[in-house]
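Comments concern the structure below.
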Amino acid sequence: QVQLVESGGGLVQAGGSLRLSCTASGRTFSPYAMGWFRQAPGKEREFVVATRWSDGITYYADSVKGRFTISRDNAKNTVYLQMNSLKPEDTAVYYCAARKSMMIYSSHYYYPNMYDAWGQGTQVTVSS
């Protein structure tokens, strides 16, 4: 069972940037897809971005397009989320997630229940 550990959250002013990291344990880490989700207080967990590991095809939520970028370092089993031009509405706990097996439809990437493993989350707070 893969374990995911996020880091990099914190407090930042609106317009600022943060980079989150998600490192997976295990010698052979080869997921089908990796994703970032977030959950604000009193709200459901929502999709942020996901990427297919084999070819890097990436899906972004409309709310973060042009501001957030997902990247990875295969040698370090690490996925990053670069967040620029942060807004107060980006405030949430951010979770990374991994999916082991194939997802047939692109819409599947957007659903939290399609992912097998989750990190513990890291808090991002954006002040106005």
Does Tyr60 belong to the same Ile/Leu/Val/Met/Phe/Trp/Tyr cluster as Met114, with side-chain heavy atoms less than 4.5 Å apart forming each link? no
Ala24 versus Val2, closest heavy-atom pair with distance: CB-CG2, 3.8 Å
Shortest non-hydrogen separation from Asn84 to Ser17 and the atoms involved: OD1-OG, 2.9 Å
In this structure, CD of Gln82 is separated from CD1 of Ile70 (nearest 0.5 Å) by 12.0 Å
Hey, is the main chain of Gln120 close enough, under 3.5 Å, to the side chain of Glu6 for a donor-acceptor pair? yes
Report whether Met102 and Tyr59 are members of the same hydrophobic cluster (ILVMFWY, side-chain heavy atoms less than 4.5 Å apart, transitive linking). yes
Checking side-chain contact (heavy atoms from CB on, under 4.5 Å) for the pair Leu86/Phe68: CA distance, chi angles, key distance, verdict? CA-CA 9 Å; Leu86 282 161; Phe68 290 12; 3.8 Å; yes
Are the side chain of Arg52 and the backbone N or O of Ile57 linked by a donor-acceptor pair below 3.5 Å? no
Return yes if some donor-acceptor pair links the side-chain N/O of Ser128 with the main-chain N/O of Pro88 below 3.5 Å, else return no. no
Among Tyr94, Phe47, Tyr109, Tyr111, which one satisfies ring-ring contact (aromatic ring centres under 6.0 Å, His included) with Phe37? Phe47
Testing the basics here: between Thr122 and Gly9, what is the closest heavy-atom pair and its distance to 0.1 Å? OG1-N, 3.1 Å
For the residue pair Gln123 and Ala92, what are the closest heavy atoms and their distance? NE2-O, 3.5 Å
Report the distance from atom CG of Asn113 to atom NE2 of His108, rounding to the nearest 0.5 Å. 9.0 Å
Met83 with Val126, same ILVMFWY side-chain cluster at under 4.5 Å: yes
Does Val79 form a side-chain contact (heavy atoms from CB on, under 4.5 Å) with Trp36? I'd like the steps, not just the answer. CA-CA 9 Å; Val79 173; Trp36 285 95; 3.5 Å; yes
Please give me the minimum heavy-atom distance between Met103 and Tyr32, naming the atom from each residue. N-CE2, 3.2 Å
Spacing of Leu20 atom CG and Thr78 atom OG1 [to the nearest 0.5 Å]: 12.5 Å
Any luck finding a side-chain donor-acceptor pair between Arg99 and Tyr115 under 3.5 Å? no
Grouping I, L, V, M, F, W and Y whenever their side-chain heavy atoms are under 4.5 Å apart, do Leu18 and Val64 come out in a common cluster? yes
Using side-chain contact (heavy atoms from CB on, under 4.5 Å), reason through Met34 and Arg72 one step at a time and then give a plain yes or no. CA-CA 10 Å; Met34 293 289 296; Arg72 72 195 203 206; over 6 Å; no
I'd like to know if Val93 and Val12 are part of one continuous hydrophobic network [Ile/Leu/Val/Met/Phe/Trp/Tyr, side-chain heavy atoms within less than 4.5 Å]. no
Give a yes-or-no answer on whether the side chains of Thr125 and Thr91 include a donor-acceptor pair shorter than 3.5 Å. no
Walk me through it: do Asp90 and Arg38 pass the test side-chain contact (heavy atoms from CB on, under 4.5 Å)? CA-CA 9 Å; Asp90 294 319; Arg38 65 187 182 187; 2.9 Å; yes
Could you state the interatomic distance from CG (Leu81) to SG (Cys22), rounded to the nearest 0.5 Å? 10.0 Å
Could you tell me the separation between the CD atom of Glu44 and the CD atom of Gln39, rounded to the nearest 0.5 Å? 8.5 Å
Going by atom types only, do Thr23 and Asn77 share a side-chain donor-acceptor pair under 3.5 Å? no
